Amino acid sequence: MGSLPPSLDLPSPPLGKPPHLQLLSETTLLNLFKSQQNHLNYFFLNLDFSQALSFTQTLLNSRGTIFFSGVGKSGFVASKISQTLVSLDIRSSFLSPLDALHGDIGALSSADVLVLFSKSGSTEELLRLLPCARAKGVYLISVTSVSNNALANACDMNVHLPLERELCPFDLAPVTSTAIQMVFGDTVAIALMGARSLTKEQYAANHPAGRIGKSLIFKVKDVMKKKDELPICKEGDLIMEQLVELSSKGCGCLLVIDDEYHLLGTFTDGDLRRTLIKASGEAMFKLRVGDMCNREPRTIGPDAMAVEAMQKMESPPSPVQFLPVIDHQNVLIGIITLHGLVSAGL
């Protein structure tokens with residue numbers, strides 16, 4: 001292979017470090033984490049819990065939508081907290097202060113609450129939004145970290161988040177203030193979750209595509225194979241005549257049934273290997289499925305949770321790759337496989 005033309009020469013990887021950078025030691029990093037921990041502890045030790053309770057109770061009693069707003073990093077935090085509430089089945093939305101002044105304020109009503117996040121309480125965009133939001137009759141709450149600020153003085157309620165200082169050596173980059181905003185907002189969200197008695201099923205309904213939702217929603221009957229997909233045979237069938245059925249359905253087993261579809265047992269790939277070791281000569285061709293099948297396989301019902309099926313497969317004394325699905329009369333109606341559970345995202 002020839003050399004690349006000059007225009008396509010790839011740059012060499014940088015060696016060493018730029019002259020203005022210093023080596024980062026483990027001690028330096030550890031001290032930063034300890035400092036941040038101390039700053040967070042300051043917040044927990046000095047938070048006015050009566051304010052936190054009033055704030056939480058106001059959100060709980062809201063008859064409308066709980067709107068959150070903020071600018072910059074505080075805006076990202078406000079948006080995230082709003083999304084958390086939505087996932088907990090609480091009506092919430094993020095309101096951009098800029099877009100609000102260009103039409104989106106129409107979403108507000110007198111039944112709503114508007115929570116404004118700002119470290120300083122002097123954010124110009126939020127202060128411009130205030131009179132417009134008040135004209136809509138919305139209840140206004142500020143969440144700030146500087147005492148006696150303009151935003152707090154103009155709102156119906158203020159929550160003060162105690163801030164010792166930012167971790168930033170210049171006390172400027174908002175890395176501690178946003179951390180306590182997030183901790184405060186998410187803790188309140190979980191308090192609301194408990195007060196509203198949100199169930200696992202309700203939570204799962206809001207997360208249908210995620211593993212959490214699937215584990216709480218999907219039942220065995222939702223992911224099992226059935227009818228023509230089942231590798232079935234009779235106990236009197238010759239093992240050698242059922243090899244195609246054993247391998248073609250992708251379940252790694254045969255489900256042994258009687259004429260009424262009652263499950264009699266299972267015959268697996270492992271059973272086939274043991275049969276080939278024990279039998280020899282013509283005897284191998286005379287063995288029937290019923291002679292070598294497992295008469296006491298693990299089974300599960302169609303209404304069991306899919307995650308329960310996975311746990312049952314992995315339980316002692318040894319894991320299995322499938323479970324026959326039977327009804328209360330031991331009639332075979334399906335099979336659920338480990339591969340099928342994994343493919344379903346469980």
Side-chain angles (χ1 to χ4, degrees), residues 33 35-62 64-97 112-121 123 126 139-146 151-152 155 157-167 173-213 215-216:
F33 277 108
S35 295
Q36 184 75 313
Q37 182 182 31
N38 291 334
H39 298 332
L40 294 176
N41 286 339
Y42 177 88
F43 161 73
F44 288 117
L45 292 173
N46 292 279
L47 177 65
D48 186 337
F49 283 97
S50 64
Q51 287 186 358
L53 179 60
S54 296
F55 175 79
T56 306
Q57 195 66 51
T58 300
L59 300 193
L60 182 63
N61 294 337
S62 174
T65 300
I66 303 170
F67 286 92
F68 289 81
S69 190
V71 176
K73 308 300 186 296
S74 294
F76 292 135
V77 174
S79 177
K80 190 274 175 189
I81 296 170
S82 174
Q83 292 169 9
T84 298
L85 292 184
V86 171
S87 75
L88 299 177
D89 219 21
I90 299 171
R91 277 186 296 169
S92 182
S93 183
F94 176 75
L95 181 67
S96 162
D112 300 331
V113 174
L114 175 58
V115 183
L116 305 164
F117 275 82
S118 171
K119 171 188 171 181
S120 66
T123 307
L126 297 182
Y139 190 82
L140 298 169
I141 304 177
S142 60
V143 181
T144 61
S145 290
V146 174
L151 196 62
C155 286
M157 176 189 295
N158 175 252
V159 179
H160 177 72
L161 303 185
L163 175 65
E164 185 175 29
R165 60 159 290 141
E166 300 287 3
L167 183 63
V175 291
T176 304
S177 56
T178 51
I180 64 177
Q181 287 174 345
M182 190 75 78
V183 168
F184 175 77
D186 282 345
T187 303
V188 168
I190 298 304
L192 294 173
M193 176 185 180
R196 293 165 60 92
S197 301
L198 186 75
T199 65
K200 279 187 176 181
E201 290 72 23
Q202 290 171 318
Y203 182 81
N206 292 334
H207 299 77
R211 189 174 185 274
I212 296 174
S215 67
L216 296 174

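Side chains included, hydrogens not; waters and symmetry mates left out as well; all remaining heavy atoms used. The shown structure was predicted, so the numbers you read here are calculated from the model rather than taken from an experiment.
- Asn46 places no side-chain N or O within donor-acceptor distance of the main-chain N or O of Pro162, the cut-off being under 3.5 Å.
- Scored by the salt bridge (charged side-chain N to carboxylate O under 4.0 Å, His left out) test, Glu166 finds Lys119 as partners (sequence neighbours excluded).
- Here the CZ-CG distance, from Phe68 to Leu59, works out to 5.5 Å after rounding to the nearest 0.5 Å.
- Checking Ser92 against Ser82 by side-chain atom types alone, a donor-acceptor pair falls below 3.5 Å.
- The environment of Phe76 atom CZ is sparse: at most 12 non-hydrogen atoms of other residues, nucleotides or ligands sit within 6.0 angstrom.
- The closest donor-acceptor contact from the side chain of Ser145 to the backbone of Leu161 lies under 3.5 Å.
- Nearest heavy atoms, Glu164 versus Asn38: OE1-O, 3.9 Å.
- In this structure the side chain of Ile81 reaches within 4.5 angstrom of the side chain of Val77, judged on heavy atoms.
- Rounding to the nearest 0.5 Å gives a distance of 8.0 Å between OG1 of Thr176 and CD1 of Ile180.
- In this model, no donor atom of one side chain and acceptor atom of the other lie less than 3.5 Å apart for Asp112 and Ser62.
- The backbone N or O of Ser74 lies less than 3.5 Å from no partner atom in the side chain of Gln181, so there is not a single donor-acceptor pair.
- For the salt bridge (Lys or Arg N to Asp or Glu O under 4.0 Å) condition, the pairs that include at least one residue of residues 183-199, sequence neighbours left out, are Lys80-Asp186.
- Nearest heavy atoms, Thr123 versus Ser118: OG1-OG, 2.7 Å.
- Closest approach of Leu140 to Cys155, counting heavy atoms only: O-CB, 3.6 Å.
- By the ring pair (Phe, Tyr, Trp, His ring centres under 6.0 Å) test, Phe43 pairs with no residue at all, sequence neighbours left out.
- Atoms OG1 and CE, from Thr199 and Met193 in turn, are 8.5 Å apart once rounded to the nearest 0.5 Å.
- When all heavy atoms of Gln36 and Val175 are compared, the closest pair comes out as NE2-O, 3.5 Å.
- A donor-acceptor distance shorter than 3.5 angstrom exists from the side chain of Ser87 to the backbone of Thr84, with no hydrogens or angles considered.
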Carefully, step by step, assess Ile66 and Ile90 under the rule side chain to side chain contact (heavy atoms under 4.5 Å, CB included). CA-CA 8 Å; Ile66 303 170; Ile90 299 171; 4.0 Å; yes
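- Tyr139 OH to Leu114 CG: the interatomic distance, rounded to the nearest 0.5 Å, is 12.0 Å.
- Of the possible polar contacts, none joining the Thr65 side chain to the Arg91 backbone as a donor-acceptor pair under 3.5 Å is found.
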Apply side chain to side chain contact (heavy atoms under 4.5 Å, CB included) to Phe184 and Val159, showing your working. CA-CA 10 Å; Phe184 175 77; Val159 179; 3.7 Å; yes
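- A donor-acceptor distance shorter than 3.5 angstrom exists from the side chain of Ser54 to the backbone of Ser50, with no hydrogens or angles considered.
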Audit row: Ser69, Leu126, side chain to side chain contact (heavy atoms under 4.5 Å, CB included) steps and yes/no: CA-CA 8 Å; Ser69 190; Leu126 297 182; 3.8 Å; yes
Checking side chain to side chain contact (heavy atoms under 4.5 Å, CB included) for the pair Phe117/Thr144: CA distance, chi angles, key distance, verdict? CA-CA 6 Å; Phe117 275 82; Thr144 61; over 6 Å; no
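- Taken from CD in Gln202 to CG in Asp89, the straight-line distance is 6.0 Å, to the nearest 0.5 Å.
- A donor-acceptor contact shorter than 3.5 Å is absent between the side chain of Gln51 and the backbone of Asp48.
- Between the CG atom of Asn158 and the CZ atom of Phe55 there is a distance of 10.5 Å, given to the nearest 0.5 Å.
- Listed here is the closest heavy atom pair of Ile141 and Val113: CD1-CG1, 3.7 Å.
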